[in-house]
Structures are given as C-alpha cells and as structure tokens.
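These figures come from a predicted structure and were not determined experimentally. Values below: every heavy atom of this structure, side chains too, minus hydrogens, waters and symmetry copies.
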Amino acid sequence: AQGEIINIGTEELRTTGDGIAIIERITGQKAPLTKSPPRYGDQRETHAVIGKAKDLLGFIPKITLEEGLERQYKWHKEKLLPHLAGDKQK
C-alpha cells in the first residue's frame, strides 16, 4: 500500500445537512448558516469509496460517522482546548 491514496470512512451515503445536524447535536449549538440556492457542481451527498482500503488493508468500518465525530469532538475538547485556553492566558 506504500504510495497509495486510500479513502477511510464508511460507505454510508450522507448529505452536508446530515453532517451539520450531527455536529449541532454533538456540540449542543446551532450552526449559523446562510442558505443559498444550489450552484452547478455542488455536491448533494457523499460517501467514502473504500474498496481499496478493504482490498489492501482489510479495512472494515467499525464505528458510525456519528460516533467518530463524537470521539473527535471529545478529544478536541479534552486535549486541544485546554492548551488553547492556556495560550490566551499568557
């Protein structure tokens, strides 16, 4: 797999709105959005194409997008934010 570009994720189809709703739920905050009409080429939905990850690495998704985002948010809140707050106090 050296030098290969490999997508990691789930094959579950999601929209941008799905991602925003998940993050709003996790953070407990409403995202300040400005909705505009769709533009040519806008991506309406997405999913990871993980066939190469499965074939080369034996990758099988074990957590959902929601769980992954929850873990990431928790990590940032516990590990990163205290350091940033410390920098502001200096």
Side-chain angles (χ1 to χ4, degrees):
Q2 185 175 352
E4 294 284 339
I5 297 171
I6 300 173
N7 289 326
I8 301 294
T10 72
E11 295 173 306
E12 185 178 355
L13 192 63
R14 294 300 193 132
T15 67
T16 302
D18 293 338
I20 292 167
I22 292 167
I23 292 169
E24 287 177 335
R25 183 185 54 74
I26 291 169
T27 63
Q29 297 179 22
K30 195 81 172 142
L33 301 175
T34 302
K35 294 187 180 183
S36 302
R39 295 176 297 178
Y40 176 76
D42 277 355
Q43 185 172 324
R44 294 179 187 229
E45 52 197 24
T46 187
H47 70 281
V49 177
I50 61 172
K52 193 186 288 188
K54 287 179 177 179
D55 294 344
L56 295 177
L57 306 174
F59 175 76
I60 299 170
K62 295 181 180 176
I63 63 171
T64 63
L65 174 62
E66 290 88 346
E67 185 179 347
L69 289 173
E70 286 172 359
R71 288 181 183 187
Q72 184 175 7
Y73 179 74
K74 182 180 177 186
W75 184 90
H76 279 268
K77 200 170 175 182
E78 292 175 358
K79 306 288 186 190
L80 185 60
L81 289 180
H83 294 289
L84 293 176
D87 287 345
K88 289 180 183 178
Q89 294 174 359
K90 292 180 182 179

**Request:** Work out which heavy atom in Ile22 is nearest to a heavy atom in Arg14; give both atom names and the distance.
**Result:**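 Closest approach of Ile22 to Arg14, heavy atoms only: CD1-NH1, 3.4 Å.
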**Asked** At their closest point, which heavy atom of Ala31 faces which heavy atom of Glu24, and how far apart are they?
**Response**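 The pair with the smallest heavy-atom distance is N-OE2, 2.8 Å.
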Rounded to the nearest 0.5 Å, what separates atom [atom1] in [X] from atom [atom2] in [Y]?
X: Gln72; Y: Ile23; atom1: CD; atom2: CD1; result: 8.5 Å
X: Ile26; Y: Glu67; atom1: CD1; atom2: CD; result: 10.5 Å
X: Thr10; Y: Glu66; atom1: OG1; atom2: CD; result: 8.5 Å
X: Leu65; Y: Asp18; atom1: CG; atom2: CG; result: 8.5 Å
X: Lys30; Y: Ile20; atom1: NZ; atom2: CD1; result: 9.5 Å
X: Leu56; Y: Gln2; atom1: CG; atom2: CD; result: 12.5 Å

**Request:** Look only at the side chain of Lys52 and the backbone of Ile5, and say whether a donor-acceptor pair between them is shorter than 3.5 Å.
**Result:**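 Checking the backbone N and O of Ile5 against the side chain of Lys52, a donor-acceptor pair under 3.5 Å is found.
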**Salt bridge Glu70-Lys74, side-chain N to carboxylate O under 4.0 Å** =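 Looking at Glu70 and Lys74, the cut-off is not met.
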Distance-only criterion, 3.5 Å: show the donor-acceptor pairs between side-chain atoms of residues 38-50 and protein atoms not counting sequence neighbours.
{"from": "Asp42", "atom 1": "OD2", "to": "Arg39", "atom 2": "N", "distance (Å)": "2.8"}
{"from": "Gln43", "atom 1": "NE2", "to": "Thr46", "atom 2": "OG1", "distance (Å)": "3.0"}

**Prompt:** Cluster question for you: counting only ILVMFWY and a side-chain heavy-atom cut-off of under 4.5 Å, with indirect links fine, are Leu81 and Trp75 together?
**Reply:**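 Hydrophobic grouping puts Leu81 with Trp75.
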**Asked** More than 12 non-hydrogen atoms from neighbouring residues, nucleotides or ligands closer than 6.0 Å to CG on Leu13, yes or no?
**Response**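 Count over threshold, so yes.
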